[in-house]
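To start, the structure itself, in structure tokens.
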Amino acid sequence: MGFAFGSIDELGDGVFRKVRQELGVTAFGVNVLVLEPGVEARPHFHEEQDELYFVHAGRGRFALPGEARELGPGGLCHVESTTPRQISSVGEEPLVLLVVGAKGGYVGRDGRLADPSQLG
């Protein structure tokens with residue numbers, strides 16, 4: 001199949017919601033992370049994979065070497081693989097993050113126009 005739909009709520013409960021697995025994504029890693037207010041995730045880094053964090057809801061504190069920053073809805077944070085990071089939920093509501101991870105770099109601008117008659 002060339003596409004799949006889903007929602008955060010359909011991915012179950014808990015901290016890690018497995019987007020990649022549920023939607024059949026194979027080109028990159030992707031999860032939703034849900035942290036209740038006051039929760040601090042484990043400090044971590046990756047050996048190979050960069051990560052991009054998108055704040056969907058709540059407020060998060062991103063602690064990185066030499067800097068910490070709070071981000072709210074719409075906030076973005078890119079962290080290279082071996083850079084240590086720790087994320088904390090600092091708002092009144094749960095922090096909901098879309099986390100995309102990959103290695104290997106940008107493939108270039110490969111978009112092409114599609115035939116609208118083929119679309120629903």
Side-chain angles (χ1 to χ4, degrees):
M1 178 183 346
F3 60 89
F5 293 102
S7 74
I8 294 169
D9 293 336
E10 293 172 346
L11 299 174
D13 296 324
V15 174
F16 285 98
R17 316 280 171 96
K18 304 287 187 178
V19 175
R20 186 181 62 80
Q21 181 179 337
E22 289 294 321
L23 298 184
V25 177
T26 59
F28 49 86
V30 59
N31 290 302
V32 169
L33 183 64
V34 180
L35 298 176
E36 293 298 322
V39 170
E40 293 183 347
R42 291 184 312 218
H44 75 284
F45 67 92
H46 293 271
E47 292 183 14
E48 298 185 20
Q49 147 178 285
D50 284 12
E51 287 184 318
L52 175 67
Y53 299 90
F54 171 75
V55 179
H56 173 70
R59 291 200 60 80
R61 180 179 185 273
F62 293 76
L64 303 155
E67 182 172 0
R69 186 174 295 192
E70 283 190 22
L71 298 175
L76 294 162
C77 179
H78 166 244
V79 185
E80 292 182 348
S81 59
T82 58
T83 302
R85 81 279 325 244
Q86 183 176 27
I87 301 160
S88 304
S89 178
V90 296
E92 301 286 321
E93 62 181 285
L95 172 62
V96 181
L97 297 170
L98 179 69
V99 185
V100 178
K103 106 174 204 182
Y106 180 57
V107 298
R109 293 185 63 172
D110 66 346
R112 302 290 180 263
L113 294 176
D115 182 351
S117 68
Q118 296 177 345
L119 306 175

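Using a 4.5 Å heavy-atom cutoff, the side chains of Leu23 and Val30 are not in contact. In this structure, Ser89 and Pro94 have side chains that are not in contact, with every pair of non-hydrogen atoms separated by 4.5 Å or more. Considering only heavy atoms from C-beta on, Leu98 comes within 4.5 Å of Val32 through its side chain. The closest side-chain heavy-atom distance from Phe62 to Val55 is below 4.5 Å. With a 4.5 Å cut-off on side-chain heavy atoms, Leu64 and Cys77 count as touching. Contact of the Phe16 side chain with the Leu33 side chain is registered, since non-hydrogen atoms from C-beta on lie closer than 4.5 Å.
The minimum heavy-atom distance between Ala57 and Pro73, with the atom names listed, is CA-CG, 4.3 Å. Minimum heavy-atom separation, Lys18 to Asn31: CA-OD1, 3.3 Å. Nearest approach of Gly101 to Gln49, heavy atoms of both residues: C-OE1, 3.5 Å. Closest approach of Arg85 and Val79 over heavy atoms only: NH2-CG1, 3.2 Å.
Although no hydrogens or angles enter the test, the distance criterion places no donor-acceptor pair under 3.5 Å between the side chain of Arg69 and the main chain of Glu67. Glu10 places a side-chain N or O within donor-acceptor distance of the main-chain N or O of Ser7, the cut-off being under 3.5 Å. Counting only distance, with no hydrogens or angles, the side chain of Glu47 and the backbone of Ser81 share no donor-acceptor pair below 3.5 Å. Between the side chain of Arg20 and the main chain of Phe28, no donor-acceptor pair closer than 3.5 Å is present.
Defined by atom type and a distance below 3.5 Å, a donor-acceptor pair is present between the side-chain atoms of Asp115 and Ser117.
Under a hydrophobic-cluster definition in which Ile, Leu, Val, Met, Phe, Trp and Tyr are linked whenever side-chain heavy atoms come within less than 4.5 Å, directly or via other members, Leu97 and Leu71 are assigned to the same cluster. In the hydrophobic clustering of this structure, Leu35 does not group with Leu52; members are Ile, Leu, Val, Met, Phe, Trp, Tyr whose side-chain heavy atoms approach within less than 4.5 Å, directly or through other members. Hydrophobic clustering (ILVMFWY, side-chain heavy atoms < 4.5 Å, transitive): Phe54 and Val96 are in one cluster. Val25 and Tyr53 end up in different hydrophobic clusters when Ile, Leu, Val, Met, Phe, Trp and Tyr side chains are linked at under 4.5 Å. Linking ILVMFWY side-chain heavy atoms closer than 4.5 Å, directly or via other members, places Ile8 and Leu76 in a single hydrophobic cluster.
Applying the salt bridge (Lys or Arg N to Asp or Glu O under 4.0 Å) test to every pair with at least one member in residues 94-111, sequence neighbours left out, gives these pairs: Glu48-Lys103.
The OG atom of Ser88 lies 13.0 Å from the CZ atom of Arg59; values are rounded to the nearest 0.5 Å. Of the inter-residue distances, the one linking Leu95 atom CG with Glu36 atom CD reads 10.0 Å to the nearest 0.5 angstrom.
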Could you walk me through whether Glu51 and Val100 pass side chain to side chain contact (heavy atoms under 4.5 Å, CB included), step by step? CA-CA 6 Å; Glu51 287 184 318; Val100 178; over 6 Å; no
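Aromatic ring pairs are classed by plane angle as parallel below 30°, tilted from 30° to 60° and perpendicular above 60°; the pair His44 and His46 is perpendicular.
The number of heavy atoms from other shown groups lying within 6.0 Å of CG (Leu119) is above 12.
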